[in-house]
K.L.:
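Questions regarding the structure given below will be posed in turn.
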Amino acid sequence: MKEQDWTNLAFGYMKTDYNVRIYYRNGEWGETEVCSEETIPMHMAATCLHYGQEAFEGLKAFRGKDLRVRVFRLEENALRLQSTCRGILMPELSTERFREAVLKAVKLNERFIPPYESGASLYIRPLLVGTGAQVGVHPAREYLFITFVTPVGPYYKGGFSANSYAIIREYDRSAPLGTGVYKVGGNYAASLRASKKAHDLGYASEFYLDAKEKKYIDECGAANFFGIKDNTYITPLSASILPSITNKSLMQLAQDMGMKVERRPVPKEELQTFEEAGACGTAAVISPIERIDDLEKGTSYVIAKDGKPGPVCTKLYNMLRAIQYGDEPDKHGWVTIVN
């Protein structure tokens with residue numbers, strides 16, 4: 001591998017050496033296999049292609065100052081994948097097999113893990129697809145679980161800096177009682193038009209209200225929303241948003257800081273009362289929110305009035321990153337040490 005400029009790495013795909021695969025056939029999961037191919041041979045009638053029987057996860061591995069490699073909240077990702085499997089009728093992969101595949105993929109590609117303090121990390125993408133041929137809307141009989149990794153830089157070019165979002169009402173990412181609570185590709189396909197509109201208008205991302213009434217905050221693009229006021233961390237409770245593992249972690253850290261935590265419906269009008277707010281997820285960790293514009297109504301909610309991340313967002317971001325890199329004790333048992 002040529003000398004890599006880790007500090008200027010984009011958030012995208014880079015070829016690595018190996019991926020890990022497990023096939024599901026005849027009602028059971030097979031052996032764990034190591035593969036160097038980047039492509040998947042697949043039947044043209046595979047259910048993932050026709051009926052969206054597909055799920056994925058996203059997590060990261062970090063190289064610490066002590067040179068040890070840490071994977072963040074591996075078990076939580078396994079549990080969320082199992083929840084998605086139940087939601088779209090795919091066979092569940094056990095937490096133990098998930099862990100085995102993830103750790104093997106990280107170890108086999110260790111030379112691609114960015115160095116400490118480079119601002120980059122190793123992104124891990126577990127993927128489960130229905131590969132069995134099926135014409136007619138039924139679950140497949142065969143599946144492939146594959147885990148690949150790729151080194152990535154910050155999700156937003158500016159890194160940890162405040163961004164602006166646009167409320168887009170014309171499109172919904174997901175609906176109550178639909179697949180919004182599951183990490184399936186169809187939800188992201190449904191977000192592309194809204195995302196493009198927001199980006200074309202110069203915003204970091206689109207901002208969704210609830211699909212039913214357009215009264216309550218749902219998500220910031222593909223990330224969860226949280227707001228800070230009166231020493232309270234507030235995040236929406238909704239039947240149509242993906243439960244973010246990063247958000248779950250931040251809620252715990254907020255409690256550790258002595259803050260109250262509330263998960264409840266958050267009316268759009270409450271945006272004007274927040275002292276700070278952020279979008280959170282695996283890719284960006286926290287993207288502080290400077291402003292949210294309601295394009296249809298012609299109103300703006302300015303949250304970061306100086307255009308900079310607030311003190312609580314900054315502290316939460318630094319605390320979480322310190323745990324991921326091993327700079328602070330992992331008192332909640334969130335990290336898995338690879339070596």
Side-chain angles (χ1 to χ4, degrees), residues 20 22 54-62 64 68-88 90-107 113 121-128 145-149 152 155 174 179-185 187-188 219-220 222-226 233 235-256 261 263 278-287 316-317 319-326 328-338:
V20 176
I22 308 174
E54 177 273 348
F56 67 98
E57 280 296 323
L59 60 162
K60 287 181 177 178
F62 306 85
R68 302 176 93 179
V69 175
R70 293 166 173 84
V71 178
F72 187 67
R73 307 218 70 173
L74 185 159
E75 288 80 8
E76 283 294 324
N77 281 271
L79 293 173
R80 190 168 65 179
L81 179 63
Q82 290 160 13
S83 172
T84 299
C85 288
R86 292 190 292 272
I88 61 171
M90 298 198 294
E92 293 180 41
L93 187 75
S94 71
T95 301
E96 292 72 24
R97 299 299 303 277
F98 182 95
R99 176 189 177 95
E100 174 194 10
V102 166
L103 296 184
K104 188 179 285 289
V106 172
K107 288 178 183 177
I113 303 175
S121 56
L122 188 73
Y123 189 82
I124 306 164
R125 170 52 58 84
L127 174 70
L128 178 58
F145 176 75
I146 184 167
T147 300
F148 66 86
V149 300
V152 296
Y155 189 71
S174 59
T179 58
V181 295
Y182 308 124
K183 199 166 177 68
V184 297
N187 295 338
Y188 296 83
E219 291 189 292
C220 306
N224 277 193
F225 170 87
F226 69 88
Y233 181 105
T235 193
L237 179 63
S238 167
S240 58
I241 63 176
L242 183 74
S244 163
I245 294 166
T246 302
N247 196 6
K248 186 175 183 178
S249 305
L250 292 173
M251 284 189 265
Q252 180 61 63
L253 293 180
Q255 287 181 321
D256 293 349
V261 172
R263 287 191 68 212
C280 61
T282 298
V285 184
I286 294 176
S287 173
L316 286 170
Y317 177 83
M319 286 174 67
L320 189 62
R321 297 281 283 175
I323 294 169
Q324 290 173 333
Y325 281 98
E328 289 292 334
D330 174 31
K331 65 180 184 180
H332 296 295
W334 288 344
V335 300
T336 300
I337 296 176
V338 178

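It should be emphasised that the depicted structure is a prediction, and the values quoted were computed from it without experimental measurement.
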K.L.:
Report the C-alpha distance between D256 and K331 in whole Å, list the side-chain angles of each, state the deciding distance to 0.1 Å, and finish with yes or no for side chain to side chain contact (heavy atoms under 4.5 Å, CB included).
P.N.:
CA-CA 11 Å; D256 293 349; K331 65 180 184 180; 3.6 Å; yes

K.L.:
Got a second to check how far L74's CG is from E57's CD, nearest 0.5 Å?
P.N.:
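Between L74 CG and E57 CD, I get 10.0 Å after rounding to 0.5 Å.
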
K.L.:
Taking the side chain as C-beta and beyond, is there a heavy-atom pair between L253 and Y233 under 4.5 Å?
P.N.:
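No. Closest side-chain heavy atoms not under 4.5 Å.
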
K.L.:
The criterion is side chain to side chain donor-acceptor pair (under 3.5 Å); which residues satisfy it with S238, sequence neighbours excluded?
P.N.:
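Testing S238 for side chain to side chain donor-acceptor pair (under 3.5 Å), a comparison that skips the adjacent residues, returns D218, S240.
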
K.L.:
Quick one: do R97 and E100 make a salt bridge, cutoff under 4.0 Å?
P.N.:
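Yes.
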
K.L.:
How close do V181 and L242 get, heavy atom to heavy atom, and via which atoms?
P.N.:
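Between these two residues, the closest heavy atoms are O-CD1, 3.5 Å.
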
K.L.:
First locate atom CG of L128, then atom CD1 of I88, and finally report the distance between them rounded to the nearest 0.5 Å.
P.N.:
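Those atoms lie 7.5 Å apart.
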
K.L.:
To the nearest 0.5 Å, tell me how far I113 CD1 sits from F62 CZ.
P.N.:
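So the CD1 of I113 and the CZ of F62 are separated by 11.0 Å.
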
K.L.:
Ignoring hydrogens, what is the shortest heavy-atom contact between T235 and F225? Give both atom names and the distance.
P.N.:
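What the structure gives for the nearest pair is OG1-O, 2.6 Å.
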
K.L.:
Which atom names give the shortest non-hydrogen contact between W334 and I323, and what distance separates them?
P.N.:
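The answer is CZ3-CD1, 4.1 Å.
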
K.L.:
To the nearest 0.5 Å, tell me how far C280 SG sits from E219 CD.
P.N.:
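If we round to the nearest 0.5 Å, C280:SG and E219:CD are 9.5 Å apart.
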
K.L.:
Say whether, by atom type as modelled, one donor and one acceptor occur between the side chain of S83 and the main chain of L79 under 3.5 angstrom.
P.N.:
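Side chain of S83 to backbone of L79: no pair is present.
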
K.L.:
For a side chain to side chain contact (heavy atoms under 4.5 Å, CB included) check, start with the C-alpha distance between N224 and T246, then their side-chain angles and the critical distance, and finish with the verdict.
P.N.:
CA-CA 9 Å; N224 277 193; T246 302; over 6 Å; no

K.L.:
Does R99 pair with E75 as a salt bridge, N-O distance under 4.0 Å?
P.N.:
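Answer for the salt bridge query: yes.
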
K.L.:
Could you go through Y155 and S287, starting from their C-alpha distance and side-chain angles, then the distance that decides it, and tell me whether this counts as side chain to side chain contact (heavy atoms under 4.5 Å, CB included)?
P.N.:
CA-CA 9 Å; Y155 189 71; S287 173; over 6 Å; no

K.L.:
Considering all heavy atoms of both residues, which atom of G281 and which atom of S244 are nearest to each other, and what is their separation?
P.N.:
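So the two residues come closest at CA-OG, 4.2 Å.
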
K.L.:
I'd like to know if the side chain of R125 and the backbone of F56 have a donor-acceptor N/O pair within less than 3.5 Å.
P.N.:
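Not confirmed, R125 side chain does not pair with F56 backbone.
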
K.L.:
Donor-acceptor pair, distance only, cut-off 3.5 Å: does the side chain of E76 make one with the backbone of I245?
P.N.:
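Between the backbone of I245 and the side chain of E76 there is no qualifying donor-acceptor contact (under 3.5 Å).
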
K.L.:
If I take atom CG from residue L316 and atom CZ from residue R321, how far apart are they, to the nearest 0.5 angstrom?
P.N.:
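Those atoms lie 14.0 Å apart.
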
K.L.:
After noting the C-alpha distance and the side-chain angles of N187 and T179, does the key distance pass the side-chain hydrogen bond (donor to acceptor under 3.5 Å, both in side chains) rule?
P.N.:
CA-CA 7 Å; N187 295 338; T179 58; 2.7 Å; yes

K.L.:
Quick one: list whatever passes side chain to side chain donor-acceptor pair (under 3.5 Å) with T95, sequence neighbours left out.
P.N.:
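T95 satisfies side chain to side chain donor-acceptor pair (under 3.5 Å) with Q82 once adjacent residues are dropped.
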
K.L.:
Looking at K60 and A283, would you say the former's side chain and the latter's main chain have a donor-acceptor pair under 3.5 Å?
P.N.:
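Answer holds: yes.
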
K.L.:
Rounded to the nearest 0.5 Å, how far does CG of L250 lie from CE of M319?
P.N.:
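With rounding to 0.5 Å, CE (M319) is 9.5 Å from CG (L250).
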
K.L.:
A side-chain contact here means heavy atoms from C-beta on lying under 4.5 Å apart; do P126 and N77 qualify?
P.N.:
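A side-chain contact is absent here, since even the closest heavy-atom pair is not under 4.5 Å.
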
K.L.:
Could you walk me through whether T282 and Y123 satisfy the side chain to side chain contact (heavy atoms under 4.5 Å, CB included) test, starting with their C-alpha distance in whole Å, then the side-chain angles of each, then the deciding distance to 0.1 Å, before giving a yes or no?
P.N.:
CA-CA 9 Å; T282 298; Y123 189 82; 4.1 Å; yes

K.L.:
Are any non-hydrogen side-chain atoms of S174 and I241 less than 4.5 angstrom apart?
P.N.:
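The answer is no, as the side chains (C-beta and beyond) never meet within the 4.5 Å cut-off.
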
K.L.:
Which atom pair, heavy atoms only, marks the closest approach of L81 to F145?
P.N.:
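For L81 and F145, the tightest heavy-atom pair comes out as CD2-CE1, 3.8 Å.
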
K.L.:
Where is the tightest heavy-atom contact between F226 and A279, given as atom of each residue plus distance?
P.N.:
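It is CE2-N, 4.4 Å.
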
